[in-house]
Amino acid sequence: MHVLFVAGARPNFMKVAPVLAAAVERGAATTLVHTGQHYDAAMSGVFFDELGLRAPDHFLDIGSGSHAGQTAGVMTAFEPLLAAVRPDVVVVVGDVNSTLACALVTAKSGIPLAHVEAGLRSRDWSMPEEVNRVVVDRVSDLLFVTSPDAAGNLRREGYRPDQIHLVGNVMVDTLLANIERARARPTLSRLGLHAGGYGLVTLHRPANVDDPDVLAGLLGALGKVAEQCPLVFPLHPRTRARVEGRLPAGVTTLPPAGYLDFLALQAGARVVLTDSGGVQEETTVLGVPCLTLRDTTERAITVTEGTNQVIGTDPERVVAVATEVLARPPRPRRPALWDGRAGERIVEILLAGDYGGHGRRPTDITAQTARTAPPNAAPATPRSVAARGR
Ligand code: UD1
Ligand code: UDP
């Protein structure tokens, strides 16, 4: 059995790592492809070093670009590679443009496709990731889901039960494997912080950081929250230039943090304010209150069974809810199967080899997700075409 894994952007590396490790452990032949969607040391290299990921077998060197440019670039580079490697199955993770591009190429190659983190739905079509999620699921043979609500989404959209596998959360596998190493690091002391004495912020969604009004409102709210609890804010490269010179007192910015430092920062935080997908899940497992600065989440289980609240971007509401959570933190719970063994479960199913390719994809999906935005969803934000930045 030969399994090809695709990774391209920051949130892919910690998802691929446990599945790849389990496949190697079980004796499968493996190929690791890095598309190069993220390429800075702080957005890519550090995760290979810290997670013990081997160097990619193939680096596509795609870099930044418009949605179409980036997706097409990955597709064009991946197609001949896939034809040459001819694995038995391709595994894609998450919802970034690299996931979409490699899924589309695989779907037309006749090689079975497995999607890890399938079935998540924000129902906000202004998010590029929502488009990617729905399309990737539609062309996948195997759908590995993190939670019962994701499985329910897929069933409602007409996927066959035998395609859907509730396996747990690979991001949590990586968290649990690394949390003690993270806690042992001098991350907090180096920054002059102590556990429970600060809040942590991340922002990178285009709807928040590319819209100057929304961003100004959020920065104002962060300033007010920082009057009660100092905030630390590692800056995603998309966000960096947009906030420079505009940060309120009490908010300390950092470069993008490495995985272990960021885990340590999350574990010690009194509250996390974020628009990240993965951070909603990690705070749930760490039992740290999370305020999601968006109108929707695709990770509903972190609200129903975790520490997450989806509070939107209205500055007054952000300050009011943060004040409340600082005074009364929620009681932590952890979703079933978020136990560190999702990668093993996935590989068990992959190695069984019972996924037969195109013939098993549903041909009659009648209940697709409605293509309408929720009433209060932010309008689609055009993406800037950036230079390659290397
Ligand atoms: C991408 C994903 C998003 C994910 C995020 C994780 C898509 C559509 N979006 O968003 O789902 O949550 O990654 O972090 O796939 N840049 C650098 N260095 C890098 C990478 C990017 O400077 O190593 C800068 C470039 O100016 C680039 C911008 O960041 O144009 C955005 O990068 P891009 O990968 O297009 O989107 P993200 O916002 O990172
Ligand atoms: N992360 C990190 N350093 C940071 C911010 C995030 O290592 O400065 C990690 C975080 O712990 C999680 C993943 O990156 O594992 C989430 O990625 P991101 O927020 O970029 O993307 P999303 O999950 O929103 O797609």
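As the structure lists them, so they are numbered: ligands from 1, and atoms in each ligand from 1. Everything quoted here is computed from the prediction, not taken from an experiment.
The shortest N or O to N or O distance between H67 and ligand 1 is not below 3.5 Å. Some N or O of R205 is nearer than 3.5 Å to an N or O of ligand 1, by distance alone. At least one N or O atom of Q37, backbone or side chain, sits closer than 3.5 Å to an N or O atom of ligand 1.
If you number the atoms of ligand 1 from 1 as listed, the ones under 4.0 Å from a heavy atom of H204 come out as 4 (C), 5 (C), 6 (C), 12 (O). Taking a cut-off of under 4.0 Å to the non-hydrogen atoms of D40, the atoms of ligand 1 that pass are 17 (C), 18 (N), 19 (C), 22 (O), 23 (O). Listed by number with element, the atoms of ligand 1 under 4.0 Å from a non-hydrogen atom of M43 are 23 (O). Numbered from 1 in the order shown, with element, the atoms of ligand 1 that lie under 4.0 Å from a heavy atom of E129 read 3 (C), 9 (N), 11 (O). Using a 4.0 Å cut-off to heavy atoms of V96, the atoms of ligand 1 that qualify are 2 (C), 11 (O), 15 (O).
Only the side chain of P11 comes within contact range of ligand 1, with a heavy atom under 4.0 Å; no backbone atom does. When non-hydrogen atoms are compared, ligand 1 lies under 4.0 Å from the backbone of H38 as well as from its side chain.
Between F13 and H38, the ring centre distance reaches or exceeds 6.0 Å.
The shortest distance between side-chain heavy atoms of N132 and N97 falls below 4.5 Å. Residues I301 and T284 have side chains not in contact (no heavy-atom distance under 4.5 Å, counting atoms from C-beta outward). The side-chain heavy atoms of L260 and R181, taken from C-beta on, include a pair separated by under 4.5 Å. Inter-residue side-chain proximity for T35 and F78 is flagged as unmet; no heavy-atom pair is nearer than 4.5 Å.
Salt bridge D124/R294: absent, no basic N to carboxylate O contact under 4.0 Å.
Screening D275, T283, N308 for a side-chain hydrogen bond (donor to acceptor under 3.5 Å, both in side chains) involving T292 leaves a single residue, N308.
Pocket lining of ligand 2, defined as residues with a non-hydrogen atom under 4.0 Å away: R10, P11, M14, F47, M171, H204, R205, P234, P256, A257, G258, Y259, F262, Q266, S276, G277, G278, E282.
Shortest non-hydrogen contact noted between I311 and V318 is CD1-CA, 3.8 Å.
One distance of note links CG of L20 with NZ of K15; it measures 16.0 Å at 0.5 Å rounding.
Classified by interplanar angle (parallel below 30°, tilted 30° to 60°, perpendicular above 60°), the ring pair H34/F59 is perpendicular.
Atom CZ of R190 has more than 12 neighbouring heavy atoms from other residues, nucleotides or ligands inside a 6.0 Å radius.
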